[in-house]
Amino acid sequence: MTSTDPLSAAACSGRHVVILGTGGTIAGRAAQSTDVVGYKAGQVAVQDLIDGVPGLRQRLAAGWRIETEQVAQVDSKDMSHAIWRRLAERVQHHLDRAEVDGIIVTHGTDTLEETAYLLHRVLAPSRPVVLAAAMRPASAPQPDGPQNLDDALTVLGWPGARGVMAVLGGQVWSGAEVRKVHPYRLDAFSAGDAGPLGFVEAGQLRRLRDWPSTSPLGLKVLAADIWPEVQIVTSHAGADERLVELLVRAGVQGLVVAATGNGSIHQDLMAALLHAQAAGVLVMRALRGGAGCIVPAATDLLPDAGALTPAQARIEVLLRLLARRGG
Ligand code: SIN
C-alpha cells in the first residue's frame, strides 16, 4: 500500500525540536579533511553540527526553534547500557514537554540499529524521535551528516509524524527494523524485507508505509541498576557447545543464537542451548543473514526473533528479562 503525503515543507513551519547528541561519525573529525576512514568519531559538539545544516537558516526564519543537548560523545561501537538509559530518559524528558514537537538523536551508524530498537520498544512515542547519522565525518570535503540532519528535520516536521525512525541517505527507516548492511557506502542501511518507510526527496517526504507503532514497555523497565547479562553466540560449521556452557556457568541470563537457514542451529550447539533454556536462561533464535524472517514451525524447540537481527534480538531478550523483574 502506498500513501503519499503531498504536503510542502512550508506546511511544517514553526516546529520546536530538541537535538540530542551522542557522537558517531556524524560528529567525527579527521586530522586531514580528505581522510574519510582514519578519523575519530564523536568529536564535534552537537551544537556545532547544526550550523552546517543546509536548510537551517530557512527553518529558523520560518519560526523553528532548535535546542541541543550533548547526552554522550562516543564512537557508537562503545555504546553502553548506561548511555542508553540516560538517552532514553532525556528523550522521554523532552517528549514530556508539551511545546516540543519531536526529538532528533545524532548517533553513530555502527550500533544505531540497537539504540533505535531499544527506544522503539521502550518509548513508542506519539511524536517523532528521529535518529540521524552519517557515513562520512563532519570534517570530510562532502560530509553526508548535514543533509541527513536536514532530512531528519523534514521527517520530524511532517504532519502526523510519530514513532522512532532513522534517516540516512534520503531513506526513512522504522526504528524497529533498521539495520546497517554496509561498512562504507552512503546508503548503508536496510530494513530487511520490510523496506524503507519512505524517502526524503527535495525537502518532501514520500511515505510508503504507516508510521511505526508498538506497545511500549515504558521507561521504568530500564530502571534496574544492574541489567541482565545477555550474550550472542553464532551457529556455524564446526560450532560446539563449550561457549554456551561457559556463558551459563558465568551466570548469563539471556542468549541469542545467530542461526543459519530458517533459524536452524548446529546440533552440538543446540544441545547446549536446550540445556541452558532448561536451566532458566532465556534463549532466542535470530537470523544471521541480515534479511528475511524466521518462519515458525510446530517442532521448534527455541523461540524465534522473527525478522530481528541478532543485535536487535539481544535487546528484545534484555528488555523481556528486565520486564520480568518488574523494571
Ligand atoms: C560510530 O558508529 O560511532 C562510528 C561509525 C559511524 O558512525 O559511521
Side-chain angles (χ1 to χ4, degrees), residues 15 17-22 24 26 46 69 71-72 76 79 81 83-97 100-133 148-149 151-169 171-180 189-192 194-200 205 207-222 305-309 311-316 318-320 322-323:
R15 294 294 198 252
V17 184
V18 179
I19 305 184
L20 303 177
T22 70
I26 192 168
V46 62
E69 181 181 326
V71 173
S76 80
M79 184 54 66
H81 293 175
I83 296 175
W84 271 347
R85 179 162 50 198
R86 169 103 182 123
L87 177 63
E89 283 168 359
R90 295 313 293 162
V91 171
Q92 188 63 63
H93 167 83
H94 291 295
L95 287 173
D96 287 343
R97 296 169 57 199
V100 171
D101 293 299
I103 316 287
I104 291 177
V105 177
T106 59
H107 200 286
T109 61
D110 287 347
T111 58
L112 181 142
E113 77 189 62
E114 298 175 50
T115 301
Y117 188 72
L118 180 99
L119 295 177
H120 169 79
R121 287 289 282 124
V122 171
L123 303 175
S126 58
R127 275 168 281 160
V129 175
V130 186
L131 282 86
N148 288 344
L149 266 174
D151 290 346
L153 288 166
T154 297
V155 173
L156 184 147
W158 213 255
R162 65 171 185 274
V164 178
M165 292 171 272
V167 178
L168 290 109
Q171 294 167 305
V172 186
W173 305 102
S174 164
E177 299 160 347
V178 66
R179 75 259 337 245
K180 188 176 180 182
F189 283 79
S190 165
L197 284 180
F199 302 97
V200 181
L205 174 65
R207 192 157 58 87
L208 306 178
R209 297 192 281 130
D210 201 0
W211 308 104
S213 67
T214 188
S215 312
L217 292 165
L219 194 57
K220 72 174 184 346
V221 80
L222 303 183
L308 299 181
T309 66
Q312 292 164 330
R314 180 183 166 277
I315 293 165
E316 183 59 36
L318 186 63
L319 292 174
R320 287 189 194 183
L322 283 167

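Interatomic distance, CD of Gln92 versus CG of Leu219, reported as 5.5 Å (0.5 Å rounding). How far CZ of Arg127 is from CZ of Arg97: 10.0 Å, rounded to the nearest 0.5 Å. Remark: Leu112 CG to Leu168 CG distance equals 6.5 Å, nearest 0.5 Å. Here Leu118 contributes atom CG and Leu123 contributes atom CG; the two are 7.5 Å apart, rounded to the nearest 0.5 Å. Put simply, CG on Leu131 and CG on Leu87 are 7.5 Å apart, with the number rounded to the nearest 0.5 Å.
Counting heavy atoms from C-beta on, the side chains of Thr115 and Ile83 never come closer than 4.5 Å. Looking at heavy atoms from C-beta onward, Glu69 lies out of side-chain contact with Val46 at the 4.5 angstrom threshold. Side chains of Trp84 and Ile315 form a contact here, defined as non-hydrogen atoms less than 4.5 Å apart.
Residues Val130 and Ala152 approach most closely at CG1-CB, 3.7 Å, considering heavy atoms. Here the shortest heavy-atom pairing between Pro212 and Arg162 reads CD-O, 3.4 Å. Across every non-hydrogen atom of Leu208 and Phe199, the tightest pair is CD1-CE1, 3.5 Å. Smallest separation of non-hydrogen atoms from Val122 and Leu319: CG2-CD2, 3.9 Å. Nearest heavy-atom pair, Ile104 versus Ala132, reported as atom, atom and distance to 0.1 Å: CG2-CB, 4.1 Å. Between Ala116 and Val164, the shortest heavy-atom contact is O-CG1, 3.6 Å.
Scanning for salt bridge (charged side-chain N to carboxylate O under 4.0 Å, His left out) contacts around Arg121 gives Glu316, with sequence neighbours left out. Scored by the side chain to side chain donor-acceptor pair (under 3.5 Å) test, Arg314 finds His81 as partners (sequence neighbours excluded). Among residues two or more places apart in sequence or in another chain, the side chain to side chain donor-acceptor pair (under 3.5 Å) test is passed with Thr109 by Lys180.
Under a 3.5 Å cut-off, the side chain of Ser76 and the backbone N or O of Gly24 do not form any donor-acceptor pair. Looking at Trp211, its side chain does come within 3.5 Å of a backbone N or O of Gly160 through a donor-acceptor pair. Proximity of a side-chain donor or acceptor of Arg179 to a complementary backbone N or O of Glu177 within less than 3.5 Å is detected. A donor-acceptor pair under 3.5 Å links the side-chain atoms of Arg85 to the main chain of Leu222, judged by distance alone. A donor-acceptor distance shorter than 3.5 angstrom exists from the side chain of Asn148 to the backbone of Ala133, with no hydrogens or angles considered. Although no hydrogens or angles enter the test, the distance criterion places a donor-acceptor pair under 3.5 Å between the side chain of Thr22 and the main chain of Thr106.
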May I have the step-by-step check of side-chain contact (heavy atoms from CB on, under 4.5 Å) for Phe189 and Glu113, ending in yes or no?
CA-CA 9 Å; Phe189 283 79; Glu113 77 189 62; 5.7 Å; no
Verdict with reasoning, Ile26 to Leu149, per side-chain contact (heavy atoms from CB on, under 4.5 Å)
CA-CA 9 Å; Ile26 192 168; Leu149 266 174; 4.1 Å; yes
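Considering Val100, Val18, Val129 in turn, Val129 is the only one that fulfils the side chain to side chain contact (heavy atoms under 4.5 Å, CB included) rule with Leu95.
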